[in-house]
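Worksheet: one structure, shown below.
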Amino acid sequence: MHYPTAFLFLILVNGAQAFRICAFNAQRLTLAKVAREQVMDTLVRILARCDIMVLQEVVDSSGSAIPLLLRELNRFDASGPYSTLSSPQLGRSTYVETYVYFYRSHKTQVLSSYVYDDEDDVFAREPFVAQFSLPSDGPGVHGSPRSLGLAVLPSLVLVPLHTTPKAVEKELNALYDVFLKVSQHWQSKDVILLGDFNADCASLTKKRLDKLELRTEPGFHWVIADGEDTTVRASTHCAYDRIVLHGERCRSLLHTAAAFDFPTTFQLTEEEALNISDHYPVEVELKLSQAHNVQPLSLTVLLLLSLLSPQLCPAA
């Protein structure tokens with residue numbers, strides 16, 4: 001079958017592939033916590049929304065919680081399979097946490113990862129940096145040029161951070177230095193900084209927030225707004241959890257960004273939701289195709305070609 005030129009164009013425009021990246025402070029995630037049926041059920045439904053999810057506040061000393069969660073996630077969601085990548089235990093004292101990436105391994109792969117070398121001991125939990133491959137749309141319709149269905153960003157660097165409330169400003173300013181070293185290490189400006197930054201309310205005033213280098217230096221795009229509520233409790237309204245994009249290619253792919261209100265979506269009471277976490281996940285959705293960036297003039301031209309020269313693209 002042959003398609004009219006304009007119809008072919010619309011197929012390519014609407015064929016852009018969505019890719020969702022998330023971060024979630026799961027509030028003291030242990031084996032005992034995930035073994036609770038309602039907690040497990042809700043966690044896997046949250047994880048299944050994301051192509052890459054960074055879990056924070058994993059404090060399981062047994063080492064069994066994440067394998068159990070991964071097993072149940074793969075049972076729940078047939079669109080997997082999912083894999084995980086975990087940091088070492090990070091912390092200055094007996095209290096330690098682990099960053100854990102969950103990712104759909106048929107859509108993305110870990111290209112490289114490392115724990116940031118925090119020589120000056122600025123971070124209570126130093127970032128666990130990872131570079132992921134990103135999928136492309138593949139060849140265009142009926143062998144049309146790959147340039148019309150090409151992912152403009154073949155890989156992306158993620159830098160998660162869970163700040164300590166006592167040193168939010170210091171750690172977030174140091175996160176700018178992490179960005180500089182990471183972008184130099186991989187020769188890429190396309191980076192996403194994400195996690196529980198504690199970047200609001202009593203932990204960081206708006207005045208101090210606006211003085212951060214991540215706010216004053218050009219190129220950083222805070223996609224979770226300052227007025228967003230990322231907390232479960234009705235008594236609080238704070239944008240603690242954030243996602244910050246850097247890089248022109250990365251920003252050009254931005255489709256949506258928001259906190260995910262899982263209690264409302266899953267019809268949970270506040271008490272039931274707090275058994276999961278006192279934070280909402282935050283997420284950003286990218287459209288991994290150049291096709292949706294084609295200028296509107298191209299559509300006009302193609303429509304004219306289709307109408308004025310139907311013999312060039314006859315219908316079947």
Side-chain angles (χ1 to χ4, degrees), residues 19-29 33-34 42-60 65-67 69-70 73 77 80 82-91 96-105 107-116 123-134 155-164 171-172 175 178-179 182 186 190-199 214 222-224 228 230 239-246 250 257-260 262 276-286:
F19 192 86
R20 184 176 289 153
I21 299 170
C22 313
F24 185 30
N25 180 335
Q27 194 185 15
R28 299 186 67 84
L29 190 74
K33 182 171 181 174
V34 300
T42 305
L43 283 174
V44 296
R45 287 192 288 171
I46 290 172
L47 289 167
R49 292 174 50 81
C50 307
D51 295 300
I52 301 175
M53 163 68 88
V54 185
L55 274 190
Q56 298 177 310
E57 258 195 49
V58 177
V59 296
D60 175 48
I66 295 305
L69 187 53
L70 178 64
L73 176 61
D77 188 355
Y82 293 82
S83 298
T84 61
L85 172 68
S86 298
S87 74
Q89 292 183 326
L90 302 169
V96 293
E97 295 183 18
T98 303
Y99 297 108
V100 181
Y101 292 94
F102 282 78
Y103 60 96
R104 283 192 172 96
S105 53
K107 293 182 71 172
T108 182
Q109 288 291 320
V110 178
L111 301 177
S112 185
S113 66
Y114 66 93
V115 175
Y116 176 72
F123 298 105
R125 297 165 287 265
E126 52 265 47
F128 179 49
V129 187
Q131 183 186 40
F132 285 87
S133 64
L134 294 182
S155 66
L156 187 64
V157 178
L158 302 185
V159 183
L161 176 65
H162 179 199
T163 68
T164 179
E171 290 195 13
L172 289 181
L175 189 59
V178 176
F179 162 78
V182 164
W186 275 306
D190 295 298
V191 176
I192 295 183
L193 313 170
L194 70 172
D196 179 5
F197 289 178
N198 285 298
L214 291 174
W222 291 59
V223 298
I224 304 298
E228 189 84 35
T230 70
Y240 287 142
D241 306 84
R242 301 299 188 108
I243 299 177
V244 182
L245 307 187
H246 188 281
C250 180
F260 173 54
F262 70 89
I276 314 302
S277 179
D278 56 355
H279 290 254
Y280 293 149
V282 288
E283 55 189 46
V284 61
E285 189 171 274
L286 307 179

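Rounded to the nearest 0.5 angstrom, Ile46 CD1 and Ser277 OG are separated by 8.0 Å. Interatomic distance, SG of Cys250 versus CG of Leu156, reported as 5.0 Å (0.5 Å rounding). Taken to the nearest 0.5 Å, the CD atom of Glu171 stands 5.5 Å off from the OG1 atom of Thr163. Atoms OG1 and CZ, on Thr108 and Phe132 in that order, are 6.0 Å from each other to the nearest 0.5 Å. Of the inter-residue distances, the one linking Phe179 atom CZ with His246 atom NE2 reads 3.5 Å to the nearest 0.5 angstrom. Taking CD1 from Ile52 and NZ from Lys107, the interatomic distance works out to 10.0 Å, rounded to the nearest 0.5 Å.
The shortest non-hydrogen separation linking Ile21 to Ile243 is O-CD1, 4.3 Å. Contact detail for Leu85 and Tyr103: the closest heavy-atom pair is N-CE2, 4.2 Å. Residues Phe262 and His279 approach most closely at CE2-O, 3.4 Å, considering heavy atoms. Contact detail for Arg242 and Ile224: the closest heavy-atom pair is NH1-O, 3.3 Å. The two residues Ala48 and Leu73 come nearest to each other via the heavy atoms N-CD1, 3.9 Å. Pairing each heavy atom of Met53 with each of Pro281, the nearest pair is CE-CB, 4.5 Å.
Below 30°, between 30° and 60°, or above 60°: for Trp222 and Phe197 the angle between ring planes is above 60°, a perpendicular geometry. Between Trp186 and Tyr114, the angle of the ring planes lies from 30° to 60°, which puts this pair in the tilted group.
Scanning for salt bridge (charged side-chain N to carboxylate O under 4.0 Å, His left out) contacts around Arg28 gives an empty result, with sequence neighbours left out. With sequence neighbours left out, the salt bridge (charged side-chain N to carboxylate O under 4.0 Å, His left out) criterion links Glu97 to Arg125. With sequence neighbours excluded, the residues satisfying disulfide bond (SG atoms under 2.5 Å apart) with Cys22 are Cys50.
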**Q.** Stepwise side chain to side chain contact (heavy atoms under 4.5 Å, CB included) check, Val244 with Leu214
**A.** CA-CA 9 Å; Val244 182; Leu214 291 174; 5.6 Å; no
Please report the C-alpha distance between Thr98 and Leu55 in whole Å, then the side-chain angles of each, then the deciding distance to 0.1 Å, and finally whether the side chain to side chain contact (heavy atoms under 4.5 Å, CB included) criterion is met. CA-CA 8 Å; Thr98 303; Leu55 274 190; over 6 Å; no
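Between Asp60 and Val34 the shortest side-chain heavy-atom distance does not fall below 4.5 Å. Val282 has its side chain out of reach of Glu228: every pair of non-hydrogen atoms, C-beta onward, lies at least 4.5 Å apart. By the 4.5 Å heavy-atom criterion applied to side chains, Leu47 and Leu69 are counted as neighbours. Looking at heavy atoms from C-beta onward, Phe24 lies in side-chain contact with Ile276 at the 4.5 angstrom threshold. For the pair Val178 and Val159, the minimum side-chain heavy-atom distance is below 4.5 Å.
Under a 3.5 Å cut-off, the side chain of Gln27 and the backbone N or O of Asp278 do form a donor-acceptor pair. Judged by distance alone, the side chain of Gln56 and the main-chain N or O of Leu161 form a donor-acceptor pair under 3.5 Å. Ser133 contributes no side-chain N or O that, together with a main-chain N or O of Ser155, makes up a donor-acceptor pair within less than 3.5 Å. One N or O on the side chain of Thr230 and one on the backbone of Asp241 form a donor-acceptor pair closer than 3.5 Å. Arg20 contributes a side-chain N or O that, together with a main-chain N or O of Arg49, makes up a donor-acceptor pair within less than 3.5 Å. Of the possible polar contacts, one joining the Tyr99 side chain to the His162 backbone as a donor-acceptor pair under 3.5 Å is found.
The aromatic ring centroids of Phe128 and Tyr101 lie less than 6.0 Å from each other.
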